[in-house]
Structure formats: C-alpha cells, structure tokens
Amino acid sequence: MHGSPEEFRAGISGFLGGYYLFLAAMNSVLAFHLWHNKHKVAQACVWVVVTFVLVAIASAAMGGSPPGLPAWLRDDVNAATGPVVYSVGTTALLAVLYLGRRFFVRPMVAWSGLNLALVAMGFSMVDENFASIVTKPDNVPIVGLVFLLGFFTWLATSQAVENDDRAKQGLPPKEKLDNEKVLVWPDLVYTELICMIALTAFLIVWGIALQAPLEAPASSVKTPNPSKAPWYFLGLQEMLVYYDPWMAGVVLPSLIIFGLMAIPFIDFNKKGNGYFTIEQRKFSYLIFQFGFLEMWVTLIILGTFFRGPNWNIFGPFEYWDPHKVLALNNVDLSQYFWVKGMGRGLPKAPPGSGLGTELLWIALREGPGILLLLGYFLALPPLMATTVFRKFFVKMGFIRFMLMSNLLLFMAALPLKMALRWTLNLKYIVSIPEYFLNF
Amino acid sequence: MSIGEMIRESQVWKSIFRHPMPQDRRNRIVVMLTNFFLHLHPVSIKKQGIALSYTWCMGGVTFFLFLVETVTGVLLMFYYRPTLEWAYNDILSLRDVTSLGILRELHRWGAHAMVITVWLHMYRVFLTGSYKPPREFNWVIGVILLLLTLLLSFTGYLLPWDQLAIWAITVGSNMARATPILGHEGPGQQLLNIQGIDMITNASDARFALLGARFVGEETLNRFYILHCIAIPLAVSLLLAIHFWRVRKDGGISGPL
Ligand code: HEM
C-alpha cells in the first residue's frame, strides 16, 4: 500500500468499519436464530453482547481509530517468527485441533474460534506491513482459502465425530438415514441453479471490488525481489530452500501427483467408503491431513505471507527490508564427516586420474551420505514391514507395501531435511556438484 | 392464458424443448431423460447424495467455474494478441478502454477460485473415502484434472506479460532446467552424449521444450497461449466427460453401502 501513514489509516479505517459491522451482523443473525428457532435465550444473550462489542469497535474504526495490536506484541511476534517456530507451531496447532476435535467441533466453540480469528485479523490489519501483503490482490484468494479450509474441515470433522459416536453405539453412519430416493428434478437441478446464480453474483462483486493486478511491462533485466512463483506453487518453491531444483521442482512434485493417484490402490481399508469418519480410517486420515494441510497449505501460506526479499522470512508485522541479511553457513555431511569428524581434508582424486578413479573417489568422499540414503530407502522398508507395520505388510502384500513405504519415506524426507537444517545446519546429505547431484 | 404459457405453448418453444415444463412426477422423470444437458444426471438420486453437507457441491462448483472461464476466456481472446508488441497493451486497454471492464477480473478471480474449489473437492472426496472401490479410477482421472487445472492457471499467468507474469513463469520454469537427465543442469545429463558431444544443452533440454527458447520470450508467450487457450482446455473437456460418465457408471455419488 502506498501513500502516507495518514492516508493508509483513513483508508483502512473505512474498510474496517464495514468489516466489523459485517461481523456484528453475522453475530446478531446467530443470536436471533438461537432465540427464535432454538429457544436458547441465555446463549442468544451472549451473542447479542458480542454484537454490541463489535458495533462499538466498528464505530471506533469509522471514527478513525480502529483498535490494533500493541507495538510490543507485534515486535514479539516478529522476533519469534522463523521457520522452526512456524513449522512446529502449525503442526502443534493442527495436532491440538485433531486431538481435541470433540470439543472444537461444537458449534458454539467453532463459532467463537471464527469470531476470534476474524477479530484478530481486523486488529492486525491496522498494521501497515500486515495489511499491505494480505490485501495484495493476488493474495486475497489465499486468505479466502484459509477460512474456507477452516470451515470445511470443521464441517467434515463434526460429521465424522457424529458418525464415530454412532458407530460406537452400533448404529450406521448418519448418511445411511437419508437413503430414500428423490427426483433430480426439482431437488437437484434447483440447488444447482441457485448455486450458479449465487456464484455468478459473488464473482461479479469480487470483480468490481478488486482490480486484477497489472504491474510494469515485462522486463528481462529488472528482476523483482522476491521473485515468486504463482501462489499455488509456493509450497514447491519453499522446498527449494531445502532441496535442489531437481528434487524440489521435478522429483517431489512428480511423486506428489503419482502418490495421489496411488492412494486408492494402497488404501486397503474397506471401511469408511461413502461417509465421514475418522476413527475407522485413522492412518490414511492422518497421513493425508499431514500432507495436505501441513506440507502443502501451510507452506503456501509461509511462502505467500512470510517470505520476503531474498527469500528471507519476515514476521507478519515486519517491513520487507531488502537489505536484511541472514548469515547462512550450511555444511555438507561430507564436511561434517571428513573435516570435523576425522580431522582431515575431503578425499580427492589425484590430479590426472581417469573417470573411473575419479568416480571412486567421489563415492568415497560422499560415502557417509550414500550409506545413510541407502539405509533410509532400502533398509527402512523391510524394517518397517517386520515391526510397526507388520499387520499392514501381511494385508497389503509385497508390492503395495513397498509402494506405500517408499512414498511415505519420500514424504518424510522433507520434514526430516528441514529438521536437519535447523538443528545441524546441514546442507546436503550427498553433494556431487560435478554431476549436479545434490541431495 | 398467461404470457408464460403462451411462450411455452408456441411452436418455436416446443421445437427446442423436447418436453413441456415438468410439473408432475411423470414429466419430471421424462425431462431428465430427454434433455441433452440434464441427461448427465440420473432421474432420481439418494437424498444423501445431494445433501450439501455431504458433497459440498464442490465438483459442481468447479465445473461451473470451468464454464465461466471458458466463456470469459473466449471474450478475452477477442481483445488480446499474444505478441511482445501487443500483449501488455491489450491488457492495459482491457482495463481502460473496453466496456464491461471487469472481464479480466472475472477471468482471473474465477481461475483462483477454481484452483481452490478443485482442492476442496479433492478434500471432500478423500474425507468421505469416495476414492475406494469402485471409484479408484475416477480418483485417478481427478488427479489428472487437478494437475491440468494448475497448468491452466500457470500458463494463463504469463499472458498479461507484466513483471509479475514473466518472473513467476521464470521461477516456475527454471525447475525444468534441473530435470534429471533431460535438463541441462539436471543430474545425469552427461549421460546423453554422443562421442563427447553433449545432447542436452540449454537449447535442447526440457526447459527449452517448455519455453520454446532459452529464456521466457515471445516463443514462450506463443506456446503458453496455445496451451492455455486450446490444448489444455481440450484435454480438460475430454477428461471431464469421462469423469462425469464414470460418476454415473460407478453407481452415482458415493454413500454408505
Ligand atoms: C476440474 C476438476 C474437477 C471437476 C470439474 C470435477 C467434477 C466432479 C463432479 C461434478 C462430481 C460429482 C460429485 C460432486 O460434485 O462432488 C465429481 C465426483 C468425483 N470426483 Fe471430481 N472433479 C474434478 C476434479 C477431481 C479431483 C481433483 C479428484 C480427486 C483427486 C476428483 C475425484 C472425484 C471422485 C472420486 C468423484 C466421485 C465422488 C463420489 O461419488 O462421491 N475429481 N467430480
């Protein structure tokens, strides 16, 4: 966002005024619904109070002083932001939501969570740095994605919890209750018609409210900093921090596509077909959620909102300073082994030796890493088959099991490499720059 | 006779719609069978299969967005020439000169929305376990559709030919340089050489095939334009036809057995 701080404040105040009024309206509708349809007067009163608080905030915003977060808090958040805090934090958050799902899916709890998230967002918008990245036209859809994912995850989880409770009582899933047949005309075609009209209206409003971005004409000499891929590929761009392009840009994306396709052929569990459930397919549920929510979506959020110039990580309220310098001194495993461990130089082929000799010397130099990788990809699967995944192995057969275990190992390769980078500053496990082969 | 009835009784109306406005049960069944568009659907369906809480309507929304993109895309093609000379200026005048000034907005936000809804659709299909037998293959087709949706978005991103466009595509396509064996900076690229002559150079590798040149330039614009407007939409249409057909053949929307 350009212009002086005063202009920014005036602009954001008007926007936030409308925003809080909208939230207030949302809560008042709920209060009315609870009181009128559900006869829950006490609960309705709570949301009436919330409505009034929101109206008060809205009027403060319209008066030109929207409440924001205190400076110390923003500074603390900025200072705490880093890859470790972010990754561990989001994983922990998802884990808490998952473990406490019975509590979190209760409509009033979920609604409170939504309100809190929206108000926190409003408070943060007062910060110019925060507002400028969140309201970038191409970033708005990602804000939408976050809220949509929250909503649909809640919708799915609450139905899964209900079905899991029913299963415990020996009842069929609730989807089974709606077994009667209805005619597609009118029941389905009218729903579709309404959906289409609503969507068209929504797109038109969005199109009028937000202009599609157009920057300066293309120039192959002026490289923007940061240069970002389109937002849906930012997860892949984030992997570039930890892996070379041949892995992050080619092998891992291909494996994601291939792995997705393989899911129906790996998952041998017959239960949970055609209804929401978690308990009956915990393993596949957790793996998918980890892959989708944690490794795909949160990396996109990280790439969009937190990665600034020079691909440095910035706090949500931090100015994107292109001169911010972070010392990088990452070390290869071969360095660790030969130089730090053995106290000698890296093995090197004597000058003038032939190709074969040279390859042998490279193999020796990278020996520790190569052994580690061989162990990881070749020794772990049989080990898994005979220990933790014993039952799986028996049910799946050799080929299926090998497919699954290798895909899982590749999937785990990313968080493992991240952890190694953060703890040991490890750069490459195997580093053969002579042949562009770094892992 | 009301005006509505007069229209519906006219010869022209009757020649187009093979069946009168369905008002009773029999006709509501027949209309589904005799209308070209409606026969995509079955005649009747389990109530659970159309519950919004179950399907989220996300597949349908994605399909609708694909149609929106097709229509707005065709309209945009009237105004846009994929050359270095014109591309950027045409986009500029779309904003400043052309009437119905939100065409580009509809197309761009529709594309973002489609990426999001296709993910949500996949999410729903996964969470209801709908990829399990007999729907395994339709899931596979879905994954290809997901990939094609992303590629549609990606190829379209270049067309405005502004800084955002070429650098995003540069970052994205640089990866192809590192394709194992086929990229000129990929591991194993040395393997493809004949009598010491490297077959994989920056003018013959995977990235070159994608860009039509050694960097993002006019050839790339042409290539991405054709992929974006013709090749990928055709592929998507074909796969969608199979996808919908399989939904029916696999026994309709999934549900508890
Ligand atoms: C361009 C993208 C796509 C479109 C337009 C589309 C459209 C649809 C529609 C309209 C349905 C009917 C049920 C519903 O609306 O949920 C459906 C079902 C289905 N889709 Fe897609 N889809 C797309 C991509 C995908 C993807 C990415 C996947 C999975 C990776 C997928 C897997 C399936 C499966 C397995 C079904 C059957 C579900 C059931 O019977 O409950 N589709 N699709």
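From a predicted model like this one, the values you see are computed outputs, not experimental measurements.
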message: Please classify the contact of B:Arg108 with chain A as side chain, backbone, both or neither, using a heavy-atom distance under 4.5 Å.
response: side chain
- request: For chain B, find its close neighbours in residues 234-242 of chain A: heavy-atom separation under 4.5 Å, sorted by number, or none.
  value: A:Gln237, A:Leu240
message: How long is the straight-line distance from CG of A:Asn163 back to OG1 of B:Thr128, given to the nearest 0.5 Å?
response: 11.0 Å
- prompt: So which heavy atom on B:Leu92 is nearest to which on A:Leu214, and how close?
  reply: CD2-CD2, 3.7 Å
- prompt: Is A:Phe258 atom CZ crowded by more than 12 heavy atoms from other residues, nucleotides or ligands, each under 6.0 Å away?
  reply: no
Under 3.5 Å donor-acceptor, B:Lys132 side chain and A:Gly274 backbone: no
task: Check A:Trp185 against B:Pro22 and note the closest heavy-atom contact, atom names and distance.
output: CE2-CG, 3.3 Å
- prompt: Which value, rounded to the nearest 0.5 Å, describes the distance between A:Glu180 atom CD and B:Ser44 atom OG?
  reply: 11.0 Å
message: Using heavy-atom distances under 4.5 Å, tell me whether B:Leu65 contacts chain A through its side chain, its backbone, both, or neither.
response: side chain
- line: Counting heavy-atom pairs under 4.5 Å with chain A, the top scorer among B:Asn89, B:Val125, B:Ile253, B:Leu120 is B:Leu120
Close side-chain approach of A:Leu260 to B:Leu146, heavy-atom, < 4.5 Å: yes
query: Hey, does the side chain of B:Arg104 reach the backbone of A:Pro213 with a donor-acceptor pair shorter than 3.5 angstrom?
result: yes
- request: Check B:Pro256 against A:Lys176 and note the closest heavy-atom contact, atom names and distance.
  value: CG-N, 3.6 Å
message: When you compare the side chain of B:Leu164 with that of A:Asp138, does any pair of heavy atoms fall below 4.5 Å?
response: yes
Side chains of A:Leu149 and B:Trp119 in contact at under 4.5 Å (non-hydrogen atoms): no
query: What's the spacing between A:Thr223 OG1 and B:Ile166 CD1 if we round to 0.5 Å?
result: 8.5 Å
B:Arg25 versus chain A, the contacting section by heavy-atom distance below 4.5 Å: both
message: Going by ring-ring contact (aromatic ring centres under 6.0 Å, His included), name the residues that satisfy it together with A:Tyr428, two or more places apart in sequence or in a different chain.
response: none
message: Under a 3.5 Å threshold, yes or no: a donor from one side chain and an acceptor from the other, between A:Gln289 and B:Tyr123?
response: yes
message: Contact between B:Glu136 and A:Phe265 at the side-chain level, heavy atoms closer than 4.5 Å - yes or no?
response: yes
field: Side-chain heavy atoms of B:Asn174 within contact of A:Pro245, under 4.5 Å
entry: no
- prompt: Among B:Gly183, B:Gly49, B:Ser53, which has the most heavy-atom pairs under 4.5 Å with chain A?
  reply: B:Ser53
field: Top of B:Ile45, B:Ile116, B:Ile50 for chain A proximity - count of heavy-atom pairs under 4.5 angstrom
entry: B:Ile45
task: Calculate, to the nearest 0.5 Å, the distance between atoms CD and CG belonging to A:Glu192 and B:Leu38 respectively.
output: 8.5 Å
message: Treating A:Tyr232 as the side-chain partner and B:His112 as the backbone partner, does any N or O pair qualify as donor plus acceptor under 3.5 Å?
response: no
field: OH-OG distance between A:Tyr275 and B:Ser130, expressed to the nearest 0.5 angstrom
entry: 11.5 Å
- prompt: Ignoring hydrogens and geometry, is there a side-chain-to-backbone donor-acceptor pair from A:Gln211 to B:Glu105 under 3.5 Å?
  reply: no
task: Against chain A, label B:Ser173 side chain, backbone, both or neither, depending on which of its atoms sit under 4.5 Å from a heavy atom there.
output: neither
- request: Under 4.5 Å, counting heavy-atom pairs only, tell me which of B:Met175, B:Gln163, B:His41, B:His107 racks up the most with chain A.
  value: B:Gln163
query: Does any heavy atom of chain A fall under 4.5 Å from the side chain of B:Leu127, the backbone, both, or neither of them?
result: both
message: Contact between A:Trp231 and B:Val115 at the side-chain level, heavy atoms closer than 4.5 Å - yes or no?
response: yes
Main-chain N/O of B:Lys46 paired with A:Asp178 side-chain donor or acceptor, under 3.5 Å: no
- prompt: Would you call the rings of B:Tyr54 and A:Phe276 parallel, tilted or perpendicular if under 30° counts as parallel and over 60° as perpendicular?
  reply: perpendicular
field: Heavy-atom pair of closest approach, residues A:Trp246 and B:Ala178
entry: CB-O, 2.9 Å
Which atoms of B:Val43 approach chain A - backbone, side chain, both or neither, heavy atom under 4.5 Å: both
message: Students often mix this up, so state it plainly: with edges at 30° and 60°, are the rings of A:Trp206 and B:Trp109 parallel, tilted or perpendicular?
response: parallel
message: So, using salt bridge (charged side-chain N to carboxylate O under 4.0 Å, His left out) as the criterion, who are the partners of B:Asp162 when residues are at least two apart?
response: none
message: Using the ring-ring contact (aromatic ring centres under 6.0 Å, His included) criterion, which residues pair with B:Tyr131? Sequence neighbours excluded.
response: B:Phe126, B:Trp139
query: Between B:Met122 and A:Phe288, is any pair of side-chain heavy atoms under 4.5 Å apart?
result: yes
- request: Supply the atom-to-atom distance B:Phe64 CZ to A:Ile197 CD1, rounded to the nearest 0.5 angstrom.
  value: 9.0 Å
query: Given the options B:Val61, B:Asn27, B:Val68, which has more heavy-atom pairs under 4.5 Å with chain A than any of the others?
result: B:Val61
- line: Most heavy-atom pairs under 4.5 Å with chain A, out of B:Val216, B:Leu150, B:Ile169, belong to B:Leu150
